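To keep things clear, I will list the structure first and then write my remarks on it.
These numbers come from the heavy atoms of this one structure, side chains and all, not from hydrogens, waters or symmetry mates. Everything numeric here is computed off the predicted structure, so don't read it as measured data. Residue numbers start from 1 in every chain, and the chains themselves are labelled A, B, ... in the order their sequence lines are given, proteins ahead of strands.
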Amino acid sequence: MPETELFRVLADPTRRAVFEQLCRGEMSVSQLKAGFTVSQPAISQHLGALKDAGLVRARRAGRHLYYRSAPQALDPLAQWVQRYRELWPARLEKLKRVLKDIDS
Amino acid sequence: MSEANSPAPAIDLECDLPEPPEKVWRALSEPKWLGRWLLPTDLRAFPGARFSFRPTEREAGPIACEVLEVEPPRRLRWRQREVHVSEGGERFIDSVVTIDLGRNANGGTHLRLQHNGFEISSVLVSSLSASSKVVGLKAQRRSNLRRSELAAPIECCLRWAA
């Protein structure tokens, strides 16, 4: 799936939140539902879209399905954005120090 | 590079600085100062100017840029193109950086930095054979870029009137 499609899949904020929650650990649909105000069918719909995009994986254990995020599917664009998320605050701190050296 | 194609979350930061916008503008528009807090550069702050940043990591090639907007001392905006090497090949990652300066109540500066429009654009066509190692590819790419549109860094100071 092209990278820009992955970002369209994540454009919905609830879906993004589901994805981020599953980055923290494996969960069943009902466990997931507990953290959201949307209905269980809505959660399942989001999980379906995420699974189609390769962003989450499911594991069957007995009667239950456990979902887990596969964040490596966001390579490389998300990694790029994340890198800048960390870089810019550090740069602005440097700017504050550099400004003290500039005479007016 | 339209926003509609790129719903990826943006970076949007703000901070207050004690220095007035005219001074902060110097730290943005003069390569000597910009290089101290961002990356070594040959930026010239006029619209359409092409310039580059040279990352400090040895393996990384220069970041090719073009000035999109200049409004001293209020706004500087440029687009940049970085090369990303992955298993799938080499791609450009394009993005836009916008820095807005406003005067705050204390006579200092309110700075807003936005970095967005991240997009993967065309795949670089490499002239090397498929059996080249990735390390060799990077070295070749770097020298290709130097020979082509990217200027070598030049020392250039542009002073804007306050």
Side-chain angles (χ1 to χ4, degrees), chain A residues 1-24 45-46 48-50 52-56 69-104, chain B residues 1-28 30 32-39 55 80 82-95 97 99 108-109 111-121 123 162:
Chain A
M1 179 174 276
E3 287 82 358
T4 49
E5 287 301 317
L6 289 176
F7 280 91
R8 287 208 188 91
V9 168
L10 287 174
D12 179 289
T14 307
R15 194 174 297 169
R16 204 158 55 237
V18 167
F19 175 75
E20 281 164 9
Q21 182 65 1
L22 293 174
C23 281
R24 295 186 200 108
Q45 189 262 330
H46 287 311
L50 289 168
D52 284 344
L55 290 170
V56 305
S69 286
Q72 59 273 21
L74 283 179
D75 293 354
L77 211 50
Q79 283 185 357
W80 214 258
V81 175
Q82 183 57 30
R83 185 172 144 253
Y84 275 110
R85 281 226 177 93
E86 288 156 20
L87 205 52
W88 280 115
R91 286 172 170 177
L92 290 181
E93 287 306 305
K94 254 196 197 169
L95 168 63
K96 289 174 184 171
R97 293 196 294 272
V98 167
L99 283 167
K100 302 202 190 308
D101 289 339
I102 306 179
D103 54 318
S104 204
Chain B
M1 267 192 294
S2 69
E3 288 298 329
N5 283 339
S6 215
I11 289 126
D12 195 341
L13 299 170
E14 296 183 55
C15 67
D16 280 288
L17 306 162
E19 291 83 4
E22 291 74 19
K23 185 184 273 200
V24 180
W25 181 257
R26 293 188 58 193
L28 302 186
E30 296 178 22
K32 166 186 163 188
W33 297 114
L34 185 60
R36 295 237 194 130
W37 65 275
L38 215 158
L39 284 172
Q80 57 182 54
E82 296 168 82
V83 180
H84 174 76
V85 180
S86 69
E87 284 166 9
E90 293 192 344
R91 284 183 158 76
F92 292 132
I93 295 189
D94 295 338
S95 58
V97 177
I99 306 178
T109 302
L111 181 150
R112 183 180 187 191
L113 184 136
Q114 297 174 79
H115 192 174
N116 52 22
F118 287 91
E119 268 194 9
I120 294 186
S121 59
V123 178

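For B/I11 against A/V81, the heavy-atom pair with the smallest separation is CD1-O, 3.8 Å. Taking every heavy atom of both residues into account, A/R85 and B/A10 meet most closely at NH2-O, 4.1 Å. Of all heavy-atom pairs spanning B/A27 and A/I102, the tightest one is CB-CD1, 3.9 Å.
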Quiz item: Which is it for B/L38 and A/W88 under the side-chain contact (heavy atoms from CB on, under 4.5 Å) test, yes or no, and what are the steps along the way?
Solution: CA-CA 9 Å; B/L38 215 158; A/W88 280 115; 3.8 Å; yes

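Interface remark: B/L39 contributes side-chain atoms only to the contact with chain A (heavy atom separation under 4.5 Å).
Distance CZ/A/R83 to CD/B/E82: 5.5 Å, rounded to 0.5 Å. To the nearest 0.5 angstrom, B/R26 atom CZ is 6.0 Å from A/D103 atom CG. Within the model, atoms CG of B/L113 and OH of A/Y84 stand 11.0 Å from one another, a figure rounded to the nearest 0.5 Å.
In this structure, the side chains of B/R36 and A/D101 come closer than 4.5 Å at one or more pairs of heavy atoms. Proximity of A/K100 to B/E19: side-chain heavy atoms (C-beta onward) are separated by under 4.5 Å at one or more points.
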